[in-house]
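Notes to accompany the following structure.
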Amino acid sequence: MKNWVKKLAIGVALPGMLILGGCGATKTGGSEKGGIQERTIKAGIGLNEDHPEGQGLKKFKELVEKKSGGKMKVQNFYSATLGDDQKMTEALQGGLQEVTIPSTSPLVGMIKEYGIFDFPFVFNTEQEAYSVLDGKVGQELLKKLPEHKLVGLGYWENGFRNLTNSKHPVKTAEDFKGLKIRTMQNEVHLDAFKKLGANPSPMAFSEVFTALEGKTVDGQENPLATIKSSKYDEVQPYLSMTKHVYTPFVFLVSKQFWDKLSKEEQKIMRDSAQEAGKYQRDLNRKENEKALEDLKKAGMKVNEVSDAEKEKMKEIVKPVTDKYAKKFGQDLVDEMMSEVEKARKK
Ligand code: KDG
């Protein structure tokens, strides 16, 4: 039996992994002192308060404060006020902040295996992504976090990414040629867009609007809910429904903070992250549908991309995914693809 499956078999037996997974937490400490203490939890994200991720964070605050009888207080910080995904993740590792929920893509420098979620055109539906995130593969990756001074309580949803730009509609693989595209700080995205003939530049999320407005880049790619909540329609006339990558959010807690919590407090954090996560996913799917209509009304010129052209794009970037599959672990990639196949047959 493959070594990582053996390790996992042990992991799966652990209780409490209903929806959204969330494990590895049980293995990480927790103070013997029981009960619920007065605590302040600083929780920061890069997206706006009105984005489904911001709404999810509000739900998390509400649940923690209710379940702890008001003793555990959550302070929410939106719109990258505490810094971008990487900066906030480092703040958790240093014990300077308690919670952040970044995309997995900017974390690949720390946990390379998370790069499997940056492979283009793996998932067709959110349900397929959930089956992998809440299944063996997603759990396996959460268990890698404590060695990086982090604890993972599960996966929220950023979603399927689509391209916007100021030059022309992107209908074919050819249309990427020469486009200056902002990407997340992620090597797979950079290499994939280079392979398509685009000119990608990695950038923190909080710098994107200014870069588009100032035309230092021609385009960017994000889920529809983000394109709407970040008002990219004001600086980007074209929206192409490439749906090229599904990006998860991972709910992170500072291990220093986590290990100080009693089992009761850890349960409140985990249950609240999971309940708010389910709420956030439902909201995100609905908002992505609504955002498309709103962006069309706002005047964006929207074009579909045919499955045939998506297949061509997938073929063109295949050397990139093959290269990184070796780096991230072919076993893990194969396991992800077989989970997707299973979910697709359901
Ligand atoms: O809060 C998450 C954002 O900071 C970021 O991850 C959004 O997808 C994103 C991007 O393009 O940076």
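Only this structure's heavy atoms are used, side chains among them; waters, hydrogens and symmetry mates stay out. Atoms within a ligand are numbered from 1 in the order they appear, just like the ligands themselves.
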Query raised in the report: What do you reckon, is NZ of K231 surrounded by more than 12 foreign heavy atoms closer than 6.0 Å?
Result: no
Requested in this report: Given salt bridge (Lys or Arg N to Asp or Glu O under 4.0 Å), test E341 with R344 step by step and report yes or no.
Outcome: CA-CA 5 Å; E341 283 317 310; R344 220 161 258 174; 3.7 Å; yes
Report task. Scan side-chain atoms only and decide if E157 and Y130 contain a donor-acceptor pair under the 3.5 Å cut-off. Result -> yes
Atoms of ligand 1, numbered as shown, that sit under 4.0 Å from any heavy atom of [X]:
X: M184; result: 8 (O), 9 (C), 10 (C), 11 (O), 12 (O)
X: R161; result: 8 (O), 10 (C), 11 (O)
X: S103; result: 5 (C), 6 (O), 7 (C), 8 (O), 9 (C)
X: F249; result: 2 (C)

Query - F176 and F193 aromatic ring geometry - parallel, tilted or perpendicular at 30°/60° bounds - result: tilted
Query raised in the report: Under 30°, 30 to 60°, or over 60°: which ring-plane class applies to F117 and Y155, parallel, tilted or perpendicular?
Result: tilted
[atom]: the protein heavy-atom neighbour that sits closest, reported with distance to 0.1 Å:
atom: atom 4 (O) of ligand 1; result: D85 OD1, 2.7 Å
atom: atom 7 (C) of ligand 1; result: F205 CD1, 3.7 Å
atom: atom 8 (O) of ligand 1; result: N158 ND2, 2.8 Å
atom: atom 9 (C) of ligand 1; result: N222 OD1, 3.5 Å

Report task. Please list, chain by chain and in numerical order, all residues satisfying side-chain contact (heavy atoms from CB on, under 4.5 Å) with K327, sequence neighbours excluded. Result -> K112, E187, Y324
Query raised in the report: Are any of the N or O atoms of G46 closer than 3.5 Å to those of ligand 1?
Result: yes
Query - Short N or O distance, E221 and ligand 1, threshold 3.5 Å exclusive - result: no
Query raised in the report: Does K310 count as lying over the ring of F121, i.e. NZ or CZ under 6.0 Å from the six-ring centre, within 45 degrees of the axis?
Result: no
Query raised in the report: Does at least one non-hydrogen atom of D84 fall below 4.0 angstrom from an atom of ligand 1?
Result: no
Query - Selected option - heavy-atom contact closest to atom 12 (O) of ligand 1, from Q185, M203, R182, Q220 - result: R182
Query - Partners passing ring-ring contact (aromatic ring centres under 6.0 Å, His included) against F251 (at least two apart in sequence or in another chain) - result: F60, W156
